[in-house]
Amino acid sequence: MNYWLMKSEPNAFSIDDLEKMPQQTEHWDGVRNYQARNMMRDQMKLGDQVFFYHSNCDTPGIVGLMEVVRESYPDHTAFDPESKYFDPKSSPEKPRWFMVDIKYTRHTRRVLSLAELKAQELLENMPLVRKGNRLSIMPVAKDEWDYILRLEGQE
DNA sequence: GCCAACGTTGGC
DNA sequence: GCCAACGTTGGC
């Protein structure tokens with residue numbers, strides 16, 4: 001099993017929005033970065049566990065847990081000229097962009113802020129806390145995953 | 001293939 | 001709102 005972290009701006013789509021979706025499930029569309037796409041397309045598997053991260057907000061940080069419930073398939077928003085994610089270079093015959101389906105598991109008991117994560121020596125190798133990293137999807141090592149869940153239990 | 005210009009991300 | 005860090009684009 002793999003572990004991941006996925007970012008979303010809560011203004012656009014928050015953990016609360018995900019919880020309210022039918023089946024508490026939504027497709028993770030709009031990824032337009034090749035590195036992120038490749039991980040999603042090639043490595044995200046059914047049952048993989050995912051941290052939901054709120055970016056570009058008052059307190060950026062991990063706010064919940066989710067699970068991959070459908071492996072990658074073409075991102076149809078790329079085919080829609082009305083969509084802000086439209087990409088004329090992607091077509092149903094030759095899709096360029098992909099998405100997975102994600103299901104809500106739970107909120108974390110508290111927000112694990114970026115500031116708190118940055119203060120953890122054991123997390124210093126996470127791309128998340130490294131300067132200039134802009135990946136919207138990134139792998140999380142199992143020991144990092146476990147460490148963060150233990151951190152959640154502390155006040 | 002190089003690289004300047006430009007656009008985006010995202011913390012602060 | 002600012003700006004650093006990147007990624008992408010396109011002229012040459």
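Numbers restart at 1 for each chain; the letters A, B, ... are given by sequence-line order, proteins then strands. Source: prediction; values computed, not measured.
Taking only side-chain atoms of K89(A), from C-beta outward, the nucleotide of dT9(C), dG11(B), dG10(B) with the closest atom is dT9(C). Set against dA4(C), dT9(C), dC12(B), the side chain of K131(A) has dA4(C) as its closest nucleotide.
H54(A) places its NE2 atom 12 Å from the P atom of dG11(B), with the value rounded to the nearest Å. Here dG10(B) presents its C1' atom at 14 Å from CG of L5(A), a figure rounded to the nearest Å. The nearest whole Å value for the distance from the NZ atom in K84(A) to the P atom in dT8(B) is 11 Å. A straight line from CG of D87(A) to C1' of dG7(C) spans 14 Å, rounded to a whole angstrom. For R134(A) and dG11(B), the CZ to P distance is 12 Å, given to the nearest whole Å. If you take CE of M126(A) and P of dG11(B), they are 13 Å apart, rounded to a whole angstrom. Taking atom CD on E9(A) and atom C1' on dG11(B), their separation rounds to 12 Å, with Å as the unit. Atom CZ in R130(A) sits about 16 Å away from atom C1' in dC6(C), given to the nearest Å.
Ring geometry for Y3(A) against W145(A) counts as tilted: the plane angle lies between 30° and 60°, on a 0 to 90° scale.
Side-chain N/O atoms of K118(A) include one lying less than 4.0 angstrom from OP1 or OP2 on dC12(B). Between K7(A) and dT9(B) there is no side-chain N or O to OP1 or OP2 distance below 4.0 Å.
Across every non-hydrogen atom of I62(A) and T108(A), the tightest pair is O-OG1, 3.6 Å.
A heavy atom closer than 4.0 Å to some atom of DNA chain B occurs in no member of residues 29-38 of chain A.
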### Stepwise salt bridge (charged side-chain N to carboxylate O under 4.0 Å, His left out) check, R110(A) with E116(A)
CA-CA 12 Å; R110(A) 60 194 185 86; E116(A) 181 176 1; 2.9 Å; yes

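Under the ring pair (Phe, Tyr, Trp, His ring centres under 6.0 Å) test applied with W97(A), the options Y34(A), Y85(A), Y73(A), F79(A) reduce to a single match, Y34(A).
Mapping N56(A) and G132(A) onto DNA chain C via the closest heavy atom, the residue that lands nearer the 5' end is N56(A).
Residue pairs that meet the salt bridge (Lys or Arg N to Asp or Glu O under 4.0 Å) test with at least one member in residues 127-151 of chain A, sequence neighbours left out, are K142(A)-D146(A).
For the pair K103(A) and E19(A), the salt-bridge criterion is not met [side-chain N within less than 4.0 Å of a carboxylate O].
With 3.5 Å as the limit, one finds no donor-acceptor pair spanning the side chains of S90(A) and R32(A).
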